[in-house]
Amino acid sequence: MNMLSKRATWLVSALAFTSGAAWAEFPDRPITLVVPFAAGGPSDKIARDLAEALRKPLAQTVLVDNTAGAGGTIGSARVARANPDGYTLLVHHIGMATAPSLYKKLPFKTPDDFEFLGLVNEAPSTLIGRPTLAASSFAELRTWISENDGKINLANAGVGSASHLCALMLQSAMKSTMTAVPYKGTAPAMNDLMGGQVDLMCEQATNAVPQIEGKKVKVYAVTSARRLALPALAQVPTLSESGLNGFDVQVWHGVYAPRGTPPAVLARLNAALQTALREPDLIKRQEALGLRIVTDERLTPAGHRQFVEQEIERWSKVIQKSGVTAE
Ligand code: ASP
């Protein structure tokens, strides 16, 4: 190919790239949803549900890959560093808003290093205990906690995880100190709770409902402001009505791409996400686990970004008050 035609080819492909025509075929290979926690936990369940619902609108294979550790920051860093081509996305939760305040040295900056594809859902959490705990109500648990202050093991999915944040709020509201036992996700933590190796855990309803229904753990309260209309949880009081007035922890999940992903690709992905979240089967599956699908402006990239920025602000105050930080 002579110099002139090489230059012409370069010019045409550069124009195509900027005009978005180069992305007209997107996606022409499988897309990976990175989950920054261990398989089997609530984030993993949500991502796999989403992957299933995205396959049709994207007409492409959508895979889920777990990169766990450090409260979700290792998986988040992987996506922040990924090629901004729309093929590596992150499904992450409230940890996106808490990591900036909790971690002194983060290998990425939120919101700068990400494109926001939309907020997906909100999940209430539950306060659950090992099946061998004698307490059979929150009132009895409260007495047990005060009699065993400093001796209680409370599982979480790492510093900055939803279970960790809920536990911070719980200890501050109950003026109690518990020992945090971190895992790579609440799936492995749940196994130890059911086995009696740890005493308590704040766990999203997504993962807790099946174990509560199977009577493999004891449930004491839900952490959202309102009771859950799920058969397994309808009689379970909120922490707020149990004496921790105003206690309200909701865990939200969103989808992110690396900063610099082309606008045409972001628009294609957001459109597919909006279609996926309207799929009746997905809505049914998520609502059966207590999840609420987002349908408001937070499902748009701008609304999602604004929401996360507000949450970063909100949680920085809570974290500052708790005095907790991570390396
Ligand atoms: N989302 C985490 C997981 O899926 C749990 C958490 O953040 O507490 O394991």
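Basis for what follows: all heavy atoms, side chains included, without hydrogens, waters or symmetry-related copies. Every number for a ligand or one of its atoms is a count from 1 in the order of the listing.
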Any N/O pair H253/ligand 1 closer than 3.5 Å
no
Check K284 with E287, please: is the shortest side-chain N to carboxylate O separation under 4.0 Å?
no
M96, I74: one ILVMFWY side-chain cluster at the under-4.5 Å cut-off?
no
Using a 4.0 Å cut-off to any heavy atom of G185, which atoms of ligand 1 qualify?
9 (O)
Regarding ligand 1, does A162 bring an N or O atom to under 3.5 Å of one of the ligand's N or O atoms?
yes
Test your reading of the structure: does S163 have an N or O sitting under 3.5 Å from an N or O of ligand 1?
yes
Are the charged groups of D49 and K45 less than 4.0 angstrom apart, N to O?
no
Between F116 and Y256, how do the two ring planes meet: parallel, tilted or perpendicular, split at 30° and 60°?
perpendicular
Return a yes/no value for H164: is any of its N or O atoms, backbone included, closer than 3.5 angstrom to an N or O of ligand 1?
no
Under 3.5 Å, is there a donor-acceptor pair linking the side chains of R226 and S224?
no
Under a 4.0 Å N-O cut-off, is there an ion pair linking K56 with E279?
no
Hey, is P42 one of the residues with a heavy atom under 4.0 angstrom from ligand 1?
yes
the protein heavy atom lying closest to atom 4 (O) of ligand 1 turns out to be S43 N, 3.0 Å
Give the numbers and elements of all ligand 1 atoms closer than 4.0 Å to a heavy atom of G41.
4 (O)
We want to know whether S161 and S163 form a side-chain donor-acceptor pair, criterion being a heavy-atom distance below 3.5 angstrom.
yes
Provide the number and element of each atom of ligand 1 under 4.0 Å from a heavy atom of Q204.
1 (N), 5 (C), 6 (C)
Looking at ligand 1, does K184 have a heavy atom less than 4.0 Å from it?
no
Provide the number and element of each atom of ligand 1 under 4.0 Å from a heavy atom of S161.
6 (C), 7 (O), 8 (O)
Would you tell me whether S43 and H92 have side-chain atoms, one donor and one acceptor, within less than 3.5 Å of each other?
no
What residue and heavy atom of the protein are closest to atom 9 (O) of ligand 1, and at what distance?
T186 N, 2.9 Å
With R29 as the cation and Y87 as the aromatic partner, state whether NZ or CZ is under 6.0 Å from the six-membered ring centre and within 45° of the axis.
yes
Numbered atoms of ligand 1 (with element) below 4.0 Å of A157, judged on heavy atoms:
5 (C), 6 (C), 8 (O)
The answer for which part of H93 has a heavy atom under 4.0 Å from ligand 1 is side chain
